Visitor: 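Attaching a single structure in structure tokens format; questions to follow.
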Amino acid sequence: RIGTAALAVQVVGSNWPKPHYTLLVTGLCRFQILQLLKEKPYPVAEVQQLDRLEQFTNGHKSEEELGELSEQFYKYAVQLVEMLDMSVPAVAKLRRLLDSLPREALPDILTSIIRTTNQEKLQILDAVRLEERFKMTIPLLVRQIEGLKLLQKTRKSKQDDDKRVVAIRPNRRISHGSITEDEEEEEDHDDVVVLEKKIRTSSMSEQALKVCLKEIKRLKKMPQSMPEYALTRNYLELMVELPWNKSTKDRLEIRAARIVLDNDHYAMEKLKKRVLEYLAVRQLKNNLKGPILCFVGPPGVGKTSVGRSIAKTLGREFHRIALGGVCDQSDIRGHRRTYVGSMPGRIINGLKTVGVNNPVFLLDEVDKLAKSLQGDPAAALLEVLDPEQNHSFTDHYLNVAFDLSQVLFIATANTTATIPPALLDRMEVIQVPGYTQEEKIEIAHRHLIPKQLELHGLTPQQIQIPHVTTLGIITRYTREAGVRALDRKLGAICRAVAVKVAEGQHKEAKPDRAEVGEGEDCKEHVTEDAKPESISDTADLALPPEMPILIDFHALKDILGPPMYDMEVSERLNQPGVAIGLAWTPLGGEIMFVEASRMDGEGQLTLTGQLGDVMKESAHLAISWLRSNAKRYQLTNASGSFDLLDNTDIHLHFPAGAVTKDGPSAGVTIVTCLASLFSGRLVCSDVAMTGEITLRGLVLPVGGIKDKVLAAHRAGLKRIIIPQRNEKDLEEIAAHVRQDLTFVLAGCLEEVLNAAFDGGFAVKARLEHLNSKL
Ligand code: ADP
């Protein structure tokens, strides 16, 4: 329990890539711990000073013997120093120090300078008595003298008289006093030599090897305290660690791949089919040049997890690189090493993490790349993804080319709209639409529930979630295209049940019976404990009375709270001037209400709900068309005039005002909504619509039909009006969804209005036949 008190003089180093610090301290004295006062956050102890007092207390004692010892020590020290190259200033200084310093300080100083292991250094520091210290250091001096003699002999025979090499090491140590080296390296005096060996034996490219050897040469000449020392070392360590030539062996068997994909994911047939095609081509052609797959779809539809499955089928490592919000190209390509805190980009870092040069990299959220003053990360990604260029990808930090051509890149995005065009050009987009309710139920029961049970340590014998409950969660507690919120809700249910099960087990353990089959007893406690409304009454189950805990609607309400979404559609459509549109968002399709009202005024149109320019134009188009067709449909303003805007202001509102909305597809909805307002008739409550309009009343096709239809289906709507030219998109929609819905294919606004109002929207006088002149 002996330590050395010291004064920290300087701390240099960095935290990256791993903490590496050099501490420069001046030793003061030895001390002994008398009593440890506290250990955290740092140890505090009562100590007693042990040395440097000797000269006062027992200065006279055994002076003679010591004198002899110290004389002998001094002799060896001088001999050793003189064997070094005196032309090196530090050696000359050491020589002078030998004379000027008090003799009793010499053992400590010399031990820190000469070649000794950390163990030996510690032994000297532990030795309190001066006599003991002298005795222990002398053999070390002798050992080094012998070593040097041998070295000089071999040098001479090699006609190599460069003594400086011999001097370099002592030189470095002198300049640092008593530096404690990294523990791990203690047996190996010179980790730089080890590093060099590693570099030479690594399989890096020729160019990289050249750079590394140059750097290691510089490193050898550099004092450890220089900040650049740590930087260069980190750089070299990274170079050694990179998987230049290390790869996993692909095991690609299409039949097995199909099974893995099918086992991991329910539904998403189109995506799985395309992925299999891609893998089959890979198997036949055995090279990677080809488009990069990009999965585009709402969150939580399994894009990332398909990526993971692909890696699994290929037997490759998987690494996910999140690109959301990345706005600096050095995030991709690394910083130049001249910067403080410079580091490699995410690609190189990822390779280091996985340790092989042919992993599957999932570039997550490529649509969320941002631009900033620090350059455009998308441009850097181009180089990474381009098969023509990426075999010599040069990270700024590495500054040598690294071959990325073996890496399999897969990208994911929520929308293609914000992916930079050049990047999009290199990718093959595969749309992953949202799931239908039936698909969600299957996914929940095949994948999500078993996963959540395992996560919470539950078994199917303890909890049972029937299909109707799952449907309840899907319709009343979540409104999403994917299954992520559903997964979270299931997690919440499992947590609540886990508490009940654990409580039951706890109570059961209390009575002095030893472990009883957890079954029945536990159940008793659960029910005793569970108030009827908390976890539902499970008495009517055919299985043993209380277990499994059945999750029914009562339990659902208790655990998840009151339902968040109700089918309020029909309530909102109970007055004229409201219609339901279908919108596409990166998060999937959604139903959207459009509301209109009129008031006395000067013919102004007010639009609210954070609309984009395209949407505002749609509103103007809709009004113009209605004004020009007012007579035909007998639409009048409040005072009965066919000039709809005469003394009338119109206000159009798109609820969910906090969300920006844009796009042309609300055209038909606005027309319907205004037609309802001016005719005073109600729009059917189960109709939703989408379509772009022209000034002449034609309905043009729009995108995202599948997502929109699914949203309408989720919301319980029955009739959907879509543009005629979107008919082909209906093929993608699952048959059971199509069965539930009636589709009206509209080529012009007349057809839209006829379908939107019960009994059609009567045309009073046929003024003209609608024909496209475009
Ligand atoms: P994304 O990357 O599309 O946002 P994830 O891949 O993270 O979504 O998927 C979220 C969760 O949903 C994952 O746990 C995944 O296993 C699950 N999941 C999504 N789709 C399916 C599916 N078709 N079959 C099984 N599990 C699925």
Side-chain angles (χ1 to χ4, degrees), residues 257-276 292-313 318-325 360-369 408-416 418-419 427 429-456 465 467 470 473-474 477-495 584-589 704 706-707 710 714 732-734 736-737:
R258 188 193 298 270
I259 293 171
V260 170
L261 279 177
D262 277 341
N263 280 351
D264 288 357
H265 300 96
Y266 179 77
M268 38 168 58
E269 299 306 333
K270 201 170 137 200
L271 173 72
K272 284 194 275 195
K273 186 166 151 253
R274 182 63 191 93
V275 167
L276 281 177
I292 282 123
L293 294 182
C294 178
F295 303 149
V296 178
V301 291
K303 300 182 297 291
T304 314
S305 78
V306 168
R308 198 167 272 130
S309 290
I310 292 178
K312 198 159 96 183
T313 57
F318 177 81
H319 185 71
R320 177 171 162 267
I321 300 178
L323 294 175
V360 172
F361 271 172
L362 187 90
L363 304 172
D364 221 356
E365 325 251 16
V366 273
D367 56 331
K368 311 244 169 21
L369 282 176
L408 177 63
F409 289 102
I410 297 173
T412 77
N414 290 145
T415 164
T416 50
T418 48
I419 302 180
M427 302 195 284
V429 172
I430 303 180
Q431 295 284 353
V432 195
Y435 297 116
T436 60
Q437 279 171 7
E438 287 72 17
E439 282 170 344
K440 284 188 190 176
I441 293 177
E442 283 302 319
I443 293 173
H445 284 270
R446 286 173 196 228
H447 298 279
L448 306 180
I449 294 177
K451 191 178 77 187
Q452 288 294 352
L453 291 190
E454 197 187 323
L455 272 179
H456 291 87
I465 306 179
H467 280 46
T470 321
I473 304 174
I474 293 168
Y477 290 90
T478 67
R479 186 162 282 179
E480 53 165 2
V483 291
R484 200 167 279 148
L486 173 62
D487 197 25
R488 265 200 304 272
K489 300 285 175 206
L490 291 171
I493 292 172
C494 289
R495 276 198 303 278
W584 182 88
T585 72
L587 310 184
K706 181 167 181 194
D707 283 320
L710 289 182
R714 273 202 296 277
E732 286 179 30
I733 296 164
H736 61 88
V737 176

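Order of listing sets the numbers, starting from 1, for every ligand and every atom in it. Every value quoted in this text rests on a predicted model; they were computed, and no experiment measured them.
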Visitor: May I ask whether Lys451 places a heavy atom under 4.0 Å from ligand 1?
Guide: yes
Visitor: So that I can tick it off, tell me whether Arg308 and Asp264 are bridged by a salt bridge, with the cut-off set at under 4.0 angstrom between side-chain N and carboxylate O.
Guide: no
Visitor: Starting from atom 2 (O) of ligand 1, locate the nearest protein heavy atom and write down its residue, its atom name and how far away it is, to 0.1 Å.
Guide: Thr304 OG1, 2.4 Å
Visitor: Quick one: does Gly482 get within less than 4.0 Å of ligand 1, heavy atoms only?
Guide: no
Visitor: Could an N or O of ligand 1 be found under 3.5 Å from any N or O of Val483, whether backbone or side chain?
Guide: no
Visitor: Strictly under 4.0 Å, does any heavy atom of Phe295 approach an atom of ligand 1?
Guide: no
Visitor: Judging by distance only, is a nitrogen or oxygen of Gly300 under 3.5 angstrom from one on ligand 1?
Guide: yes
Visitor: Under 4.0 Å from atom 11 (C) of ligand 1, is there at least one protein heavy atom?
Guide: no
Visitor: Looking only at atom types and distance, does a side-chain atom of Lys303 sit under 3.5 Å from a main-chain N or O of Gly297, one as donor and one as acceptor?
Guide: yes
Visitor: Taking the side chain as every heavy atom from C-beta outward, state whether Ile321 and Phe409 have any pair of such atoms under 4.5 Å apart.
Guide: no
Visitor: For atom 26 (N) of ligand 1, what's the nearest protein heavy atom and its distance?
Guide: Ile443 CG2, 3.8 Å
Visitor: Does Asp364 come within less than 4.0 Å of ligand 1, judged by its heavy atoms?
Guide: no
Visitor: In the protein, what heavy atom is nearest to atom 6 (O) of ligand 1, and what distance, to one decimal place, separates them?
Guide: Ser305 N, 2.9 Å
Visitor: Please answer whether the main-chain N or O of Gln452 pairs with a side-chain N or O of His456 as donor and acceptor at a distance below 3.5 Å.
Guide: yes
Visitor: Could you find the nearest protein heavy atom to atom 20 (N) of ligand 1 and give me its residue, atom name and distance?
Guide: Tyr435 OH, 2.9 Å
Visitor: Can you measure from CG (Asn263) to NZ (Lys312) and round to the nearest 0.5 angstrom?
Guide: 8.0 Å
Visitor: Does Glu480 use its side chain to pair, donor to acceptor, with the backbone of Leu486 at less than 3.5 Å?
Guide: yes
Visitor: Step through the shown structure and confirm whether more than 12 heavy atoms of other residues, nucleotides or ligands are within 6.0 Å of CZ on Arg258.
Guide: no
Visitor: Give yes or no for whether the N/O distance cutoff of 3.5 Å, strictly under, is met between Ala267 and ligand 1.
Guide: no
Visitor: Can you list everything that forms a side-chain hydrogen bond (donor to acceptor under 3.5 Å, both in side chains) with Thr478? Sequence neighbours excluded, please.
Guide: none
Visitor: Would one find an N or O of Tyr266, backbone or side chain, under 3.5 Å from an N or O of ligand 1?
Guide: yes
Visitor: Is it the side chain (CB and beyond), the backbone, both or neither of Thr412 that lies under 4.0 Å from ligand 1, heavy atoms counted?
Guide: neither
Visitor: Could you check whether any side-chain N or O of Asp367 sits under 3.5 Å from a backbone N or O of Ala413, counting only pairs where one atom can act as donor and the other as acceptor?
Guide: no
Visitor: Ignoring hydrogens, just give me the one of Lys303, Arg484, Arg320 whose non-hydrogen atom is nearest atom 7 (O) of ligand 1.
Guide: Arg484
